[in-house]
There are 2 protein chains.
Amino acid sequence: MRVVSWNVNSLRRRLPRVLGLLERHEPDLLCLQETKVSDDEFPHQDFHDAGWEAVVHGQRTYNGVAMVHRRGEQLEDVQRGFPGDPVPEEARVLVATFRGVRVANLYVINGQEVGSEKYERKLRWLDALQAWLAEALAPADPWLLVGDFNVAPGDEDVWDPEVWRGRIMFSEPEHERLERLMGLGLEDLYRRVHPDGRDFTWWDYRGGAFHRKHGLRIDLALGTPPVARRCRDVAVDRDERKKGAWEVGPSDHAPLVVDLED
Amino acid sequence: MRVVSWNVNSLRRRLPRVLGLLERHEPDLLCLQETKVSDDEFPHQDFHDAGWEAVVHGQRTYNGVAMVHRRGEQLEDVQRGFPGDPVPEEARVLVATFRGVRVANLYVINGQEVGSEKYERKLRWLDALQAWLAEALAPADPWLLVGDFNVAPGDEDVWDPEVWRGRIMFSEPEHERLERLMGLGLEDLYRRVHPDGRDFTWWDYRGGAFHRKHGLRIDLALGTPPVARRCRDVAVDRDERKKGAWEVGPSDHAPLVVDLED
DNA sequence: GTGAACCGGG
DNA sequence: CCCGGTTCAC
């Protein structure tokens with residue numbers, strides 16, 4: 001089965017590209033972040049008309065996550081947010097069971113700048129996420145965490161680690177949190193299949209970062225062993241970040257395509 | 001020769017439709033109002049590439065007028081603003097001689113609401129315009145005044161005169177000013193060729209006014225006798241106010257197409 | 001650089 | 001209802 005994760009930076013703006021991605025990749029499950037749309041304004045009809053159904057956890061202006069699956073299939077035990085979330089008013093987490101796999105769709109706090117108030121909130125939020133998953137997740141169970149983690153795991157995941165070291169998305173406290181999370185028994189599926197891969201998933205809109213290949217790999221897929229064993233490929237749809245013939249520009253993130261053996 | 005007048009409500013936004021209009025109507029002179037663009041940001045290149053040249057008198061955000069003619073032809077004695085303008089910082093008037101006709105491209109102050117401070121400014125501005133034209137214009141000379149007058153001349157120029165009487169664009173003091181202006185020897189060219197015409201040129205964006213035919217004729221072409229005699233037709237391009245297959249929506253004004261015998 | 005919200009202007 | 005500017009977030 002195929003799971004795609006994509007930070008769309010406004011679903012309403014990106015809708016034609018999202019529908020195009022569904023046609024192009026034919027995922028079984030699409031996890032969206034930064035939908036920036038409240039649940040009552042979610043474009044359910046457009047997905048329905050194209051043969052899909054969406055489970056949403058959104059808000060106006062900021063954040064917002066959603067999971068899209070084929071009509072006829074079901075998401076089970078849907079959970080919005082997580083117990084202990086220090087900012088439960090922000091729609092950042094959507095969890096559901098799909099074909100027996102517990103899938104968590106995450107949009108981690110960005111943190112703006114190391115040392116800022118928002119950065120401290122990011123660390124505390126990751127601590128709370130850790131506490132919840134330590135409780136909820138057993139390594140023997142099939143779990144898949146996907147989304148925008150707003151942390152690049154290692155030196156190979158940043159276009160220039162010396163430029164980025166200590167900065168937001170690449171600071172030691174953030175790395176500690178990510179490593180602690182993976183200590184629960186989660187493996188970075190992209191790195192598993194591409195030990196020397198240099199694919200990025202995010203490029204700043206400014207300064208021609210995409211063209212200059214100044215990217216970061218901050219969109220991740222983490223799996224417990226039962227899921228990691230099934231992982232055949234993880235690929236970045238870098239073309240989606242290009243302008244293309246769409247009536248709307250690209251998101252600043254590229255979709256992450258995860259293929260698991262059935 | 002054909003002169004088109006159009007309040008575009010932002011030239012940058014409406015540029016594709018303006019270029020389309022040039023192709024569709026092939027005017028000899030296009031007078032634009034509410035370009036809302038400063039002279040250094042005017043899209044000269046786009047007009048040049050399509051075979052046209054623009055003489056501009058613009059500002060950022062508000063107002064702004066421009067005159068577009070074929071490359072190779074010239075506008076002579078270009079005048080920006082007029083002597084005695086009480087608000088010379090607002091780009092509302094552009095005058096130039098084209099093929100021997102003195103053409104004044106006007107964007108009259110809207111006035112917001114009868115009795116308001118802006119309404120009083122509108123009346124004083126029309127008084128100043130009158131004083132200048134009384135000085136500058138002789139009825140024996142070929143003059144053509146076009147643009148957004150923000151005044152509907154008579155009952156036939158308003159979808160419901162009883163609703164509009166006394167309101168902005170249809171108040172007695174505004175009518176006095178317009179009649180006094182025409183007293184200089186100017187004729188309403190649309191009314192000359194269509195004595196019983198009921199074409200409107202502006203419809204509020206709100207409340208489906210266009211669809212309900214709730215319009216006003218506030219975009220005018222006034223001519224001295226030497227020009228009026230040459231007038232063959234004045235038509236409103238109502239189709240331009242429709243949505244169409246353009247990538248941008250319409251202006252709230254429709255273009256006015258004036259045909260003069262050569 | 002891009003998006004959404006809010007505001008003033010029409 | 002639409003446009004431009006501003007502010008804020010990322």
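Protein chains get the first letters and strands the later ones, always in sequence-line order, with residue 1 at the start of each. Note that the structure is predicted; figures quoted are calculated from it, not measured.
- For B:Lys118, the salt bridge (charged side-chain N to carboxylate O under 4.0 Å, His left out) criterion is met by no residue, not counting sequence neighbours.
- A:Arg14 is listed as a side-chain neighbour of A:Asn9, based on a closest heavy-atom distance under 4.5 Å.
- As a whole-Å value, the separation of A:Glu90 CD from D:dA9 C1' is 11 Å.
- Residue whose closest nucleotide on DNA chain C sits further toward the 5' end, between A:Lys243 and A:Glu41: A:Lys243.
- Residue A:Lys36 places none of its side-chain N or O atoms closer than 4.0 Å to OP1 or OP2 of D:dC10.
- A residue-by-residue look at A:Thr61 and A:Asp252 shows that A:Asp252 has its nearest nucleotide of DNA chain C further toward the 5' end.
- Atom C1' of nucleotide D:dC10 and atom CD of A:Glu113 are separated by 13 Å, given to the nearest angstrom.
- Rounded to whole angstrom, the span from the NZ atom of B:Lys118 across to the C1' atom of C:dG9 amounts to 6 Å.
- Judged by atom type and distance alone, B:Arg206 reaches the base of C:dG10 through a side-chain donor-acceptor pair under 3.5 Å.
- Of the possible polar contacts, none joining the B:Arg12 side chain to the B:Val37 backbone as a donor-acceptor pair under 3.5 Å is found.
- Between B:Arg13 and D:dC2 there is no side-chain N or O to OP1 or OP2 distance below 4.0 Å.
- Between the C1' atom of D:dA9 and the OH atom of A:Tyr62 lies a distance of 5 Å, rounded to the nearest Å.
- Nucleotide D:dC10 holds its C1' atom 17 Å from the OH atom of A:Tyr119, rounded to whole Å.
- When the P atom of C:dG1 is taken as reference, atom OH of A:Tyr205 falls 12 Å away, rounded to whole Å.
- Aromatic ring orientation, B:Phe47 versus B:Phe42: parallel (interplanar angle below 30°, classes split at 30° and 60°).
- In this structure, A:Met169 atom CE and D:dC10 atom P are separated by 11 Å, rounded to whole Å.
- Proximity of A:Arg12 to the phosphate of C:dG3: no side-chain N or O atom is located under 4.0 Å from OP1 or OP2.
- Under 3.5 Å, the side chains of B:Ser171 and B:Tyr119 contain a donor-acceptor pair of N or O atoms.
- For C:dG3, the OP1/OP2 oxygens have a side-chain nitrogen or oxygen of A:Arg14 closer than 4.0 Å.
- Computed from coordinates, the A:Asp148 CG to D:dA9 P distance equals 18 Å when rounded to whole Å.
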